[in-house]
> 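My structure is below; once you've seen it, I'll send some questions.
Here the structure is a predicted model, which is why all the values come from computation and not from measurement.
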Amino acid sequence: MPDVSLAPEEDAFVPDPDANREAVYRLLGMSDDEYRSVCEILGREPRPAELAMYSVMWSEHCSYKSSRSHLKRFPTDAPWVVVGPGENAGVVDIGDGWLAALRIESHNHPSYVEPYQGAATGVGGILRDVFTMGARPVALWDQIRFGPLDQSKNRYLFGGVVAGIAGYGNAVGVPTVGGEVDFAECYSGNPLVNVMCLGVLQRDQLVLGTAGTDGAVAILLGRATGRDGIGGASVLASASFEEASEAKRPSVQVGDPFEEKKLIEACLELYEKGLVLGVQDLGAAGLSCATSEPAARAGMGMDVDLSSVHVRESGMSAPELLMSESQERMMAFVDPSEVDEVLAVARHWEIDASVVGTVKAGGMLRVFHDGSLVAELPAASLSEDAPLYHRPLGEPHWMEDIWAKTLTFVIRPGLAEALMKLLDDPSIASKAWVYNQYDHMLFLNTVIPPGNDGSLIRVGNTNKALAVSTDGNGRLCYLDPRRGGGRLVYEAALNVAMTGARPLALVDNLNFGNPEKPEVMWQFRESIEGISEACERLGIPVVGGNVSFYNETDGVDIYPTPVVGLLGLVDPMPESPPRLDRIEEGMSLWRFGPEWAINLAGSAFEKITFAHVGGRPSAPDPTMAKACIEMATRLVNELGIPALHDISDGGMAIAASEMAIGSGQGVRLEFTDWRHLFSEDPHRFLAAVPDELSETVGALAVEVGIPAARIGSFGGDEIAFEQGGIRAVVALDAATETYKNAIPHRMSH
Amino acid sequence: MKVAVVVFPGTNCERDTVHVLRALGAEADLVWHRETDLSAFDGAVLPGGFAHGDYLRTGAIARFSPVMDEIVRMAAAGMPVVGICNGFQVLCEAGLLPGALIANRDLAFICKMVDVEVVDTGSVLTAAAMPGQRLRIPLNSYEGNYVLPDGSPRVVLRYVDDPNGSQDGAAAIANDRGNVVGIMPHPERASDALLGSSDGVVLMEGFIASMEVSHA
């Protein structure tokens, strides 16, 4: 550290002598009570740099101050969990010395303000969370939600977000192998852009976000720090949108995938050579977070010299340097004897690096700038002393009303027309327009590509494969957040099982409205309860997650939209993994799962054909969920069943049609009540079974204890639903055209 | 016989390419773009990715990387030099192949399996294929639209259903001598039926075999 003089307290606060403290901390998103807490911790009024640090670290986005008390509900333990929630990513043991790291994040608000960069930097951020752990990122999934595409603003946002994901993900060199796309009016003013990343590493390469020991050196790697993204966490991510959000554009970061690619390779080389004690990425809250959190985790303090930070513009103030969310930066903590070697690795990969600090015993974080001490505070106070709110919660008064709002059908609607209408709905239709813009093949490991239920990713030179399914359903969770939350977990677990894999771990991204409203907090609590119950029933630990609140515009909240990402493992990988295109003429269509109840509440059918959202969705059944998972994995691993497909959005009608479209084989399906065709009740799936396996499949279903029935067959050039004399028919060509063109046609406007 | 697989900052298909070359029996090593001596190698592949971030223009900065002098020397010596996707763009910028690659006709990134037809087996990449043979190979590019405003390229692979607007449907072109080839789809991604196609193997094998021929 250079010689320093203590900045005099009197002048400490005054970049602008006219600004009073109250105005400044409010501008930074801090409440009066929070400001008082800062004063108590410090025993004095904070200096500007200190106020900046507390304001970003105590923001909703960084501190989870409204959600922490509820997140404790999640089950997080299992023998295979190596790193649970609280680190940069969750890590699980997948056997033979291999680990998998996973994490999910949201970039909702930035993507509304600037869709391309908002989405792009979301990708960059999630990658850093994963390679911070020592893992090479191997795949990405994006869960994105927008308002209807008949509005030009929504087309602009959708197109921009997809282009941003493609622009960053493709260039950084990590394949985007799946995800979800959904459209509903409630996302018009507040799109959801979530992204999940999976990494793979050998056990001895695991790195944690710790500052190491007394005397360790902090080296800032990567892109130069600028004024972009200042206050992103506090200003953008932790407040609602009112009117002109363009004014917030300076708070959106700008990404550079080329810098990130070099940073990934440089960091992986550092890990391989064992040169780091710990690593922390710079995301939300920038340097404030990357200094204080690792120090706190290590029980250490740190001296940081902001004048050493490599910058791309001159004259940045200490608060700006501490709050900047410039992308593509990492903080490495290294032994003093290895500083030169670390800098050499950085030079090789052509990234900038600067020594910015020294870890100190004692727990105090001291920040210097231009020779002056600009901040001196307990490192742990930025995270551990963050406010904790037990926000009031209350069941919305409208729940009874919406449950009572069921549709009754006096006559049977036209089934062929209904099917075509569903196939033409962008939420159901083919997402090829999206994933054909993403490099989903890099690394030669994408065994089950996008367009199927779950992804299957081969692990390097092993026999293992990792399955991932990400699922969300805002409409369902709006109608019943607890049942909805649970059903997401069961659906994702079934999707993973249908690749042959055993569910292993879950991450969640909880997208909700304004937490200051008791109804929103109730939805939040109920969803967590549903997810937790389901995870407990299936023995799946939650290893990480993210909360995004304030998803509201002009006082209107989005549907409560938790999104889960479920990781599964199959070892050895099935020889012929199931894919829809393996269906051949003459195979039978089988249905597995309980007999149908008549419940269309929350279904895509009611939403799309009758613009109706109401009724109470069916509760999940853990016993049947387990039976489904066992049946699906055994069908794949023991019998090599060529294709399976879960019954979800659009019901059995859409599931069967997607199998037909995906394989080019027509399908004939016999039903008993037309409502069964469109019901989205959980724990049901279809499979294409070669006739010679019929008996074996039937016997297996009996053994597993799951109802099963042969309900049709593949072949021909029609999609036909039959019941006695009733026959609803759609030409396969026409269905395929409609399904494939629904999104491209709308986007070509 | 050893292949240099050139890595620029931002290249991302280098490990896939080495993996496939080795699986087919070739020796292959990664070579950093600052390398100035490739005398130990008998052929070179410039793999896909985003060399130098594709900033300014695809391949425009990469052509000035130190390693390119050696690539030019190898090409002049008749050794096989293949550029895949971004590598194709670099070869055009370096003047080793005519023409340029501009944004796709529909101004969107395209990642999907495409069909190409072998129209010329006189190049190092197509030497082992049959004329008229159809191959399924993944395409993965934004600037994949081949143009040669004042001439007609020597097309060795042609798209069956042109996805990106390329002149003469060019999916791969060669120099007159046939030892320098640029291909926009990724043959290394079509090397395993488990992943959807192994049709790229015949191209990679042709390249490996021609390395021996050029050396003989």
> Write down the atom of B/V45, the atom of B/P47, and the distance for their closest heavy-atom approach.
O-CD, 3.4 Å

> What pair of heavy atoms forms the shortest contact from B/P163 to B/L139, and how long is it?
CG-CD2, 3.6 Å

> Compile a table of inter-chain donor-acceptor pairs under 3.5 Å between chain B and chain A, counting both main-chain and side-chain atoms.
unit_1, atom_1, unit_2, atom_2, d
B/N12, ND2, A/N170, O, 3.4
B/D16, OD2, A/F443, N, 2.8
B/H33, NE2, A/E350, OE2, 2.7
B/R34, NE, A/E350, OE2, 2.9
B/R34, NH2, A/E350, OE2, 3.1
B/Y55, OH, A/D256, OD1, 2.5
B/C111, N, A/N436, O, 2.5
B/N140, ND2, A/D439, OD2, 3.0
B/R189, NH1, A/D439, OD1, 2.9
B/R189, NH2, A/D439, OD2, 2.9
B/D192, OD2, A/R458, NH1, 3.0
B/D192, OD2, A/R458, NH2, 3.4

> Give a yes or no answer on whether the side chain of B/T126 reaches the backbone of B/A129 with a donor-acceptor pair at less than 3.5 Å.
no

> Measure distances from A/M747 to the heavy atoms of chain B and classify the residue's part below 4.5 Å as side chain, backbone, both or neither.
neither

> Which distance, rounded to the nearest 0.5 Å, do you find between the CD1 of B/I173 and the CG of B/L97?
4.5 Å

> Could you pull out the closest heavy-atom pair between B/G48 and B/C85, with the gap in Å?
CA-CB, 4.2 Å

> Do you know the tightest heavy-atom contact between B/A128 and B/G206?
CB-CA, 3.8 Å

